[in-house]
Amino acid sequence: MAEEKKPFYITTTLPYVNADPHVGFAMEFIRADVIARFKKLLGHDVFFNTGTDEHGQKLFDGAQEKGVAPQEFVDSFAEKFKDLKPLLGISEDVHFIRTTDEHHVRAAQEFWKICDQNGYIYKKEYKIKYCVGCELEKTESELVDGKCPIHPNRELEIREEENYFFKWSEFQEKLLTFYEENPSFVTPDFRYNEIKEFVKRGLEDFSISRLKEKMSWGVPVPGDDGHVMYVWFDALVNYISTLGWPDNGGNFEKFWVEGDTVQYAGKDNLRQQSAMWQAMLMAAHLPNTGNIVINGFITGDGGVKMSKSLGNVVNPYDVVEEYGTDALRYYLLREVSSYEDSPFTMELFKQAYNANLVNGIGNLTNRIMKLAEDNLEEPVSVEVNCFDSKFENALNNFDIKKATDFIWSKVSELDSFIENEKPFSVVKEDKEKGRKLIVEMVQNLAVIGYHLQPILPEAASKIREAIEANKKPETPLFERK
RNA sequence: CGCGGGAUGGAGCAGUGGUAGCUCGUCAGGCUCAUAACCUGAAGGUCGCGGGUUCGAGUCCCGCUCCCGCAACCA
């Protein structure tokens, strides 16, 4: 009874390329990768998407400062983000979309046209607050007591500008109904609650274009040379343009329409992913996302924000260089809270690394394989082909930490088993009995290795290789630091 | 003002109303297959504060304090 597995789609948010990749995005990318690998092992056809968000004001400004063309500027950053794939041990087949890709630009324009045809886009005058002192537009969040903090003695000028708007306000009821009908749409619950409360308080239409004369680095608005799209509107469309949309059939039909869809995002993206983007999909008469998973933030010591000025920024490149890919994955998957903010310091990292990777799984592999190598004539043939239901349930609920905890509880059980059964001394007195114990241990190690595949792919294959060769690994899985 | 989160032994965290757990660290034993690794035991907490509901609350309700994030045309 081979049951047909549903196609599975998973994506990260697209990081904005105005800075080097940070550890928060690394976590999002790695977590999505774990789910993608897991679904693949379960036999699903998986489409895994990531990429870079490359339009907008900051990149336009950045390019001007450097005196290069915007495209050249974002090209260099896009390469850095592509480098994350090998660095973080991401699945080979991940799709990498850039919002400057020709196909994406066309898709964004098509998406705009459809929303427009459906009556959800309109043009209106909108008032901006302008500080003559700075010669800049000021947003509400920049103001202190309603004044520019740099020029508090000057009154802000109100200037009028014509922009296109998206009728978000029309989707309040539709979104609330959608939330009602899909009780597990956002994980975790408290984030879902947060967005529901936000939508209940009412939605205001948001601006989706910029005057080209002020900021030209964006997707041209169809049928109006004077505007480019506001970066959010274009970037969100990547989740379907990566599937070939608007071309019908193919991957879009298979994954977005027929399959299960999951979007990973940081908590700063809750509103955009679970309310703005969902309203946009509704406006275009396209299916909504299946699940949104919201991560917490990585902080510095004591829960303070990571910042260059505090010198507490953890760079994923440095961590991988010293400790390896799996070590970084391990920390971000198990030592970091699934949904709350968590600190990442090198001290905490090193402690967890030595305790659980060196002394835990690494040492366990060595002690078992040494016994096997010395006492068994040939490799133990093991055929593990399914996950423990606890592990599977945890991952189906995106609780990677809980799934990883399960693996380490098995490590601990095996260490206790060795202590209690003492195969190393039994084998000296009763060779057959001792061998049986050792075979059992190798089999249990194989189970651990199997479950480790989506979590720590490198370590999983080293364990498998050691078992197949019936040899203790030549170099430890994890070097003591 | 408002919305959301957090406050649990030295540190980081789990905890579904019913004897307060896990990892690290500390201390004391044990083992020797293993990367001075592993196993067992111990010390250490009035679960932010004050009320309430309940036979019983870290867990539910009310009030308060402190910390973090959001507060939309920034991305």
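Chain letters run A, B, ... following the sequence lines, proteins first and then strands; every chain starts at 1.
- Electrostatic pairing of A:Glu373 and A:Lys472 does not count as a salt bridge here, judged by no charged N lying under 4.0 Å from a carboxylate O.
- Among the protein residues, A:Gly56 comes within range of no part of the nucleic acid, since none of its heavy atoms lies under 4.0 Å from any strand.
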Does A:Phe25 form a ring pair (Phe, Tyr, Trp, His ring centres under 6.0 Å) with A:Phe29? I'd like the steps, not just the answer.
CA-CA 6 Å; A:Phe25 178 67; A:Phe29 201 9; 5.5 Å; yes

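- Spacing of C1' atoms, B:C27 relative to B:A43, comes out at 7 Å, to the nearest Å.
- One C1' atom belongs to B:U46, the other to B:G12, and the distance between them is 23 Å to the nearest Å.
- We find that the ring of A:Phe206 and the base of B:C73 do not stack by the test of centres under 5.5 angstrom and planes tilted less than 30°.
- Annotation: B:C3 and B:C38 have their C1' atoms spaced 50 Å apart (nearest Å).
- As judged by a 4.0 angstrom heavy-atom cut-off over every strand, A:Thr365 is placed among residues making no nucleic acid contact.
- Proximity note for A:Lys401 (side chain, C-beta onward) versus B:C39, B:C13, B:A34: the nearest is B:C13.
- Residues meeting the side-chain contact (heavy atoms from CB on, under 4.5 Å) test with A:Val228, sequence neighbours left out: A:Arg210, A:Lys212, A:Met215.
- Ring centers of A:Tyr323 and A:Phe349: under 6.0 Å apart, within the cut-off.
- Checked against the 6.0 Å centroid threshold, A:Phe171 and A:Tyr120 count as a close aromatic pair.
- Spacing of P atoms, B:U8 relative to B:C49, comes out at 10 Å, to the nearest Å.
- One P atom belongs to B:C60, the other to B:G18, and the distance between them is 11 Å to the nearest Å.
- For RNA chain B, each stem of at least three Watson-Crick or G-U pairs (distances under 3.5 Å) is given as range with range: B:2-7 with B:65-70, B:10-13 with B:21-24, B:26-30 with B:38-42, B:48-52 with B:60-64.
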